[in-house]
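Numbers for residues simply follow the sequence, beginning at 1.
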Amino acid sequence: MTLRVYELADGAHVTTGIPTPAGEPAATFTTVRRGDTIQIAAENAANWRVVLVGVRSVNAVKGGSAAAHEHGTIFTVDGTTLVITLKEKP
């Protein structure tokens, strides 16, 4: 499962629900941005990834690993929480 994050504004708090094919709740992601830090927490998700669309590189990643992706940067998550520190804009 891959969550895509687009231009998350500072102070944003977004909850994303992913249903099963039958329409029942399957996984829930909570994405929060504070300054240059984005934290994404997952409930009931296994083997999940995140694509930060339009973000080509970051300063640091905790809880996973980062790689280049055609739409930005993709993160493979090790557990239930991913913390990303963005690079400062020039």
Side-chain angles (χ1 to χ4, degrees):
M1 178 178 318
T2 302
L3 180 71
R4 293 176 186 254
V5 178
Y6 296 84
E7 298 184 27
L8 192 66
D10 188 13
H13 185 271
V14 178
T15 301
T16 306
I18 307 296
T20 66
E24 299 296 321
T28 302
F29 297 93
T30 303
T31 306
V32 178
R33 179 169 177 185
R34 291 186 187 95
D36 64 352
T37 301
I38 296 174
Q39 179 172 315
I40 304 166
E43 291 181 32
N44 301 319
N47 301 319
W48 59 287
R49 302 179 305 170
V50 174
V51 174
L52 284 184
V53 177
V55 175
R56 296 292 172 196
S57 62
V58 297
N59 268 351
V61 179
K62 181 178 179 184
S65 58
H69 183 271
E70 64 183 320
H71 298 293
T73 302
I74 190 165
F75 302 85
T76 302
V77 185
D78 297 333
T80 60
T81 303
L82 178 69
V83 179
I84 303 161
T85 305
L86 302 171
K87 287 189 174 184
E88 290 184 26
K89 292 184 178 180

To the nearest 0.5 Å, what is the distance between OG1 (T2) and NE2 (H69)? 7.5 Å
With a sphere of 6.0 Å drawn around CZ of R34, does it hold more than 12 non-hydrogen atoms of other residues, nucleotides or ligands? no
Can you check whether T15 reaches T28 side chain to side chain, under 4.5 Å on heavy atoms? yes
Provide the closest heavy-atom pair for T81 versus W48 in the form atom of the first, atom of the second, distance. N-CZ2, 4.2 Å
Is the shortest side-chain heavy-atom distance between H13 and T30 below 4.5 Å? yes
About how many Å separate NZ of K62 and CG of L82, when rounded to the nearest 0.5 Å? 11.0 Å
Minimal heavy-atom distance between L52 and L86, with the atoms involved, is CD1-CD2, 4.0 Å
Does S57 have any side-chain hydrogen bond (donor to acceptor under 3.5 Å, both in side chains) partners at least two apart in sequence or in another chain, and if so, which? K87
Calculate, to the nearest 0.5 Å, the distance between atoms CZ and OG1 belonging to R4 and T16 respectively. 13.5 Å
Looking only at heavy atoms, which two atoms of A27 and F29 are closest? And how far apart? CB-CE1, 4.1 Å
With a sphere of 6.0 Å drawn around CG of D10, does it hold more than 12 non-hydrogen atoms of other residues, nucleotides or ligands? yes
If we only count heavy atoms from C-beta on, is the L3 to T31 side-chain gap below 4.5 Å? yes
Quick check: closest heavy atoms across A26 and T20, and the distance to 0.1 Å? CB-CG2, 3.6 Å
